[in-house]
Amino acid sequence: MRNLDKARGNPPDIDLSDLNPAQREAVCSVDGPLLVLAGAGTGKTRVITCRVAWLIAQGVEPANILALTFTNKAAREMKERIAGMVAPQVAEQVLACTFHSFGARLLRRHISRLGYTESFDIADEYYCQDLIKMILGELSLRGKEGVSPERYKHEVSRAKNRLLNPADIDEKTTSWPLAFAEVYSRYLERMKAMNMVDFDDLLVLVVHLWRDFPSLLEACRKQYKYLLVDEYQDTNHTQFVMTSMLAGSRANLCVVGDDDQSIYGWRGAAVGNILDFQNHFPGARAIRLEQNYRSTTTILEAANHVIANNGKRHVKALWSQQGEGDKITVVRAENESKEAEFIADLIRERLAVRGGSLRDFAVLYRSNHLSRPLEQAMKQADLRYYLIGGRSFYQRKDILDALSFLQLVWNRFDDQSLLRVLNVPPRGIGGKAVERLLELRKLSGRPLQELLVEDEFVNTLSSAAGAAVRELADCIERYRRRFGQPGGMAEKIRAYLADIGYLDGLMRLYRDRKEAANRRENVLELINSAADYEERSGSASDLGGFLETFALRDQNDRVENASATDSGVGLMTVHAAKGLEFPVVIVAGMEADLFPHHNSLKEGGMEEERRLFYVAATRAREELYLTHTVKRRVQGTPRIQRPSLFLREIPVRHSIETDPENAFQAASSEEAADYMRKLKEMFSVEP
């Protein structure tokens, strides 16, 4: 077995001199199962990329290495760094991608064995919710208390992540919603009939393939002999099963993660995967990365003390050589407006006294609704800001409509996309006509695109609406042929959206000319993205590949919508801040029932909330502020608030408590006098 002892002679092209001892050990431990517990800011990405380069230097074929990540951004960064350590053509042979991209890659080649075709479509969240909404209507469930498409879609995802089929659902003894098994069953049948899969299927169907066709699994094991999984604490049950199956008895599996940063339980992540790794893979080694290169000692020690209150964790103690730094400032404000005003004033005065830029500051909060007073205060203080975690470009209605038109060309079985845009722009097709179309589908079992031009349907419409429907169907079929021919895809998309009446139709859909023009600009930007895709991929006719790039933009990836060039203050949830860092971090709303959230009282939830606070605190490099209020409006009514219990878990020696009027002072006594003198001169603020 190759290990650290055998690999002490570093190849000249792989320089490990800047790694600390624990990092080097993680890089050079080649064979067998390995758990790398990488605390916040401990150089995880550096270790991962060096490990891949080291494997190649030890004679492992790059095509035998598979690195699975959770975001496209992480995969790209990994590839770029590997290419900087080995020859670019060698790095290109390493497969570094997200779990879902890996699943899509396999399914494109083998999904026909499960009754789909390789040209399947990947449905987004909104598409799936629309389908479930229709199913709920068919079952007369819409409008009933506690029934919503969003809830049912969440439960479908939960069931799939647990690898449960409709037959496995027991509604009498579990918390599944009303008639869920029937909704789930119809959802699966309808999706398969349309040759569509959802995001969860990209993992679940791979497990089905490997279980039903062992030869496929064996071929994958021969191809990918060395596995590396990043952010292992975020894996769900299906991802654990996939990883275990692919690792097999050889188990050359290295997982990197931090159980203290497992914050996606609500999305199916199972922290037990990383906590029990050594039980799942007997003989596995565990290496702890504890030297932090990001934060001050004060911030790290405070975070260590808080997270130590969790019972289920791998014990770690982060330390730093960045110096002690300022104490953590805990600020108590009268209400949410005063809290937001203080935060805006703090940023403005910190900039005036210490310099820097707005990009140095991030304001974090537990829930999105807390952003409103913060946005208002930023505007009043004339401070630029950007939001992370809001609606992305690809979630806007105009973009979803444009993508639906493209889906109709790509997939003639796609009923939901047709229903979405059948009357966009208005073609005189009302609710009764849609009901008749759905009735015909139920009777015939044929896709809606075929039924659209049948006399049984067209004759129920007015002459103008009938002509519009035939024109729509003709346009789709005409461009289906055209997209199959050589030529620029972006040009075809623009011509198609114009011919089908969508580009000009936007000006009729919205009375406000400015809004209509903005939405048209959004669609034109989508066409620009098609041109970018052509340039990157080298393909001018791959409409399916272009559409897949949107489907594979997972929830973690959407943080990328906030450009690295944003020059404002970052406003974001703590979940959205994971993976980011800032010189100054302010966590607002540190109150009971807000952070920890009131839903965390459920079993196990409090530990995840504490991990969430740990993530928030360790985003800060130099300064950390925690704010809370005496009163806050809840559903329009002022309510007395209690401070978060996490504030009590921070050692007294690491923090100072104050109010907004007295908070503008340096936390370290060495610079307090000079700091207050500058404030007095600039703002006439009395100490």
Side-chain angles (χ1 to χ4, degrees), residues 1-7 10 14 16 19-39 42-71 74-75 77-79 81-82 85-86 91 93-99 102 220-235 239-259 261-262 271-290 314 316:
M1 178 180 288
R2 288 168 296 191
N3 54 28
L4 181 62
D5 294 330
K6 187 174 180 179
N10 295 2
I14 306 297
L16 305 182
L19 300 182
N20 64 45
Q23 290 175 327
R24 281 196 297 275
E25 185 179 4
V27 166
C28 299
S29 300
V30 173
D31 293 304
L34 175 66
L35 169 63
V36 180
L37 293 165
T42 57
K44 170 176 68 72
T45 305
R46 173 70 172 151
V47 168
I48 291 172
T49 52
C50 283
R51 180 179 172 81
V52 172
W54 181 263
L55 286 173
I56 295 170
Q58 299 305 298
V60 175
E61 290 294 328
N64 293 149
I65 301 172
L66 171 63
L68 295 172
T69 71
F70 274 83
T71 70
E77 182 178 357
M78 190 181 300
K79 295 278 280 191
R81 292 200 185 190
I82 295 169
M85 303 183 72
V86 300
Q93 297 176 54
V94 176
L95 181 55
C97 61
T98 65
F99 272 96
F102 177 69
C220 286
R221 285 175 175 169
K222 288 181 179 178
Q223 174 69 54
Y224 304 113
K225 298 177 181 177
Y226 288 85
L227 309 181
L228 191 152
V229 180
D230 189 16
E231 303 288 5
Y232 191 68
Q233 78 280 348
D234 294 335
T235 53
Q239 288 161 330
F240 164 72
V241 171
M242 278 181 64
T243 303
S244 301
M245 293 178 77
L246 192 54
S249 59
R250 185 190 297 117
N252 285 330
L253 168 65
C254 171
V255 303
V256 183
D258 181 8
D259 51 294
Q261 296 185 75
S262 179
V271 69
N273 291 347
I274 193 168
L275 291 177
D276 298 329
F277 182 82
Q278 290 170 288
N279 294 328
H280 296 150
F281 299 92
R285 300 180 60 195
I287 298 173
R288 288 168 169 76
L289 305 184
E290 297 175 310
H314 290 290
K316 295 176 291 296

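Atoms considered below: every heavy atom in the structure, side chains included; atoms not considered: hydrogens, waters and symmetry mates.
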So how far is it from [X] [atom1] to [Y] [atom2], rounded to the nearest 0.5 Å?
X      : Y      : atom1 : atom2 : answer
Asp259 : Gln261 : CG    : CD    : 9.5 Å
Arg285 : Asp31  : CZ    : CG    : 11.0 Å
Leu16  : Cys28  : CG    : SG    : 5.0 Å
Leu66  : Lys225 : CG    : NZ    : 14.0 Å
Leu228 : Thr69  : CG    : OG1   : 10.0 Å

Specify the closest pair of heavy atoms between [X] and [Y], including all atoms of both residues, with the distance to one decimal.
X      : Y      : answer
Pro282 : Pro33  : O-CG, 4.2 Å
Leu34  : Ala26  : CD2-O, 3.7 Å
Ala75  : Cys97  : CB-CA, 3.9 Å
Asp258 : Gly39  : OD2-CA, 3.6 Å
Gly257 : Ile274 : C-CD1, 3.7 Å
Ala22  : Ile287 : O-CG2, 3.6 Å

Quick one: are the ring centres of Phe70 and Tyr232 less than 6.0 Å apart? no
Check against side-chain contact (heavy atoms from CB on, under 4.5 Å), Val47 and Val256: CA-CA 9 Å; Val47 168; Val256 183; 5.8 Å; no
With no hydrogens and no angle check, is any side-chain donor or acceptor of [X] less than 3.5 Å from a backbone partner on [Y]?
X      : Y      : result
Arg221 : Met245 : yes
Asn252 : Gly32  : yes
Asn64  : Gln223 : yes
Asp276 : Asn279 : no

List in chain and number order the residues that pass ring pair (Phe, Tyr, Trp, His ring centres under 6.0 Å) with His314, two or more places apart in sequence or in another chain; answer none if no residue qualifies. none
Please tell me if the side chains of [X] and [Y] come closer than 4.5 Å, counting only heavy atoms from C-beta onward.
X      : Y      : result
Val229 : Phe99  : yes
Phe102 : Leu246 : yes
Leu253 : Tyr226 : no
Thr243 : Asn273 : no
Phe277 : Val255 : yes
Leu37  : Leu289 : no
Ile65  : Leu55  : yes
Glu290 : Thr42  : no

Set of salt bridge (Lys or Arg N to Asp or Glu O under 4.0 Å) partners for [X], sequence neighbours left out:
X      : result
Lys79  : none
Arg250 : none
Arg81  : Glu77
Lys44  : Asp230, Glu231

Pair listing, salt bridge (charged side-chain N to carboxylate O under 4.0 Å, His left out) test, anchored in residues 45-63, at least two apart: Asp18-Arg46
Determine the interplanar angle of the His280 and Phe240 rings, folded into 0 to 90°, and report it as parallel if under 30°, tilted if 30 to 60°, perpendicular if over 60°. tilted
